[in-house]
Amino acid sequence: MHSIQRISLMTLLLACATVQAQTPPAGGGGKIVCWKNKAGQTVGCGDKVPPEYQDNATKQLNDRGITIKLSDPAPTPEQKKALQAETDRKAAEKLAAAEQARKDRALLDTFTTVKEIDLKRNRDIQLIESNIEAQTTNLKNANDRQIDARSRMDPYKKENKPVPVSLQEESDRAEAGKLKIQAQITQKRKDIVELNQQYDALKKRYTELTVPAATTAAPGTAPAPAPAPAPAASTAAAKK
């Protein structure tokens, strides 16, 4: 009985000694760190990296000389700038993708067919054309007012007399009104061109979202062959 106890005690002591031998001392003892210069060459090793090499690449070794950790050098200002630019680019792409997804959802929620897009286009253009028609009438009226004012100014000019200030101001107001209305009509016509471009883009995107890719193949692409017909039943089978 005593001999069994002595053997068990010896086994426990040996196990403890083995664990202690394999466990590195507290505080990182038994580890060595090697540091490199800017060219990537190892220039020294020790238990602590010198301050002047803190930003350089390092590698850490255990007490048997095996590399257990590598660290890259700190990025240069140029590298930091490039990394930030790449981060900003990815963030912008993410925002653009989210905005496009929002627009796609709105497009699909608003229209159910391409024909509905054309109908909406026609209504919007008709509103602009109605505005152009009204402005054209206003332009004619302003032109008539200016002609009338100038006709009343002519006698004074023929007699080399000063034109009354009120009459001159009436003519000037008519001219300013004409220029303003002409600019508005020009802008409205540009609006129609831009509106058509916007609706063309909407129709294209709607088709991309709703029509299967197989049906939007490039012109001239041969259609998929039709499935072969099933073999005809034999005469004997038909009689049965």
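Residue-environment remark: CZ (Arg152) exceeds the threshold of 12 foreign heavy atoms within 6.0 Å. Enclosure of atom NZ in Lys178 by more than 12 non-hydrogen atoms of other residues, nucleotides or ligands within 6.0 angstrom is indicated. Atom CD of Gln168 has more than 12 heavy atoms from other residues, nucleotides or ligands within 6.0 Å.
Counting heavy atoms from C-beta on, the side chains of Lys204 and Thr207 never come closer than 4.5 Å. Between Gln135 and Leu139 there is no side-chain heavy-atom pair separated by less than 4.5 Å. Within the 4.5 Å cutoff, the side chain of Asp148 has no heavy atoms near those of the Asp144 side chain.
Taking NZ of Lys120 as the reference point, atom CD1 of Ile125 lies at 10.5 Å (rounded to 0.5 Å). Between atom CD1 of residue Ile181 and atom CG of residue Asn138 there is a gap of 5.0 Å, rounded to the nearest 0.5 Å. Taken to the nearest 0.5 Å, the NZ atom of Lys188 stands 12.5 Å off from the OG1 atom of Thr136. Rounding to the nearest 0.5 angstrom, the gap separating the OG1 atom in Thr113 from the CG atom in Leu119 is 7.5 Å. Taking CG of Asp191 as the reference point, atom OG1 of Thr186 lies at 11.0 Å (rounded to 0.5 Å). Taking CG of Leu70 as the start and SG of Cys34 as the end, the distance is 10.5 Å to the nearest 0.5 Å.
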Worked check of salt bridge (charged side-chain N to carboxylate O under 4.0 Å, His left out) between Arg89 and Glu86: CA-CA 5 Å; Arg89 183 188 66 80; Glu86 179 65 12; 2.5 Å; yes
Worked verdict on Gln84 versus Lys81 for side chain to side chain contact (heavy atoms under 4.5 Å, CB included): CA-CA 5 Å; Gln84 185 61 48; Lys81 185 177 180 180; 5.8 Å; no
Salt bridge (charged side-chain N to carboxylate O under 4.0 Å, His left out) assessment of Lys90 paired with Glu93: CA-CA 5 Å; Lys90 290 181 178 179; Glu93 287 181 352; over 6 Å; no
Salt bridge (charged side-chain N to carboxylate O under 4.0 Å, His left out) between Arg121 and Asp118, worked out: CA-CA 5 Å; Arg121 179 214 302 258; Asp118 285 331; 3.6 Å; yes
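Hydrophobic clustering places Ile192 together with Ile185 (ILVMFWY residues linked when any side-chain heavy atoms are closer than 4.5 Å, directly or through intermediates). In the hydrophobic clustering of this structure, Ile117 groups with Leu209; members are Ile, Leu, Val, Met, Phe, Trp, Tyr whose side-chain heavy atoms approach within less than 4.5 Å, directly or through other members. Met153 is not connected to Ile147 by any chain of hydrophobic side-chain contacts under 4.5 Å among Ile, Leu, Val, Met, Phe, Trp and Tyr, and they are in different clusters. Both Leu107 and Leu195 are part of a single hydrophobic cluster, where members link through side-chain heavy atoms under 4.5 Å apart. Leu127 and Tyr199 fall into different hydrophobic clusters, where Ile, Leu, Val, Met, Phe, Trp and Tyr side chains are chained together by heavy-atom contacts under 4.5 Å.
Side chains of Gln126 and Asn122: no donor on one and acceptor on the other come within 3.5 Å.
Put simply, the side chain of Tyr206 never gets that close to the backbone of Val211: no donor and acceptor are under 3.5 Å apart. A donor-acceptor contact shorter than 3.5 Å is absent between the side chain of Ser171 and the backbone of Leu167.
Nearest approach of Gly46 to Trp35, heavy atoms of both residues: N-CZ3, 3.4 Å. Minimum interatomic distance between Lys36 and Asn56 (heavy atoms only, all atoms of both residues): O-ND2, 2.7 Å. For Lys157 against Val163, the heavy-atom pair with the smallest separation is CG-CG2, 4.1 Å. Between Pro162 and Tyr156, the shortest heavy-atom contact is O-CD2, 3.6 Å.
The existence of a salt bridge linking Arg173 and Glu170 is excluded, since no basic side-chain nitrogen approaches an acidic carboxylate oxygen closer than 4.0 Å. With salt bridges taken as basic N to acidic carboxylate O contacts below 4.0 Å, one links Glu99 and Arg102. Here Arg150 does not pair with Asp154 in a salt bridge; the nearest charged N to carboxylate O distance is not below 4.0 Å.
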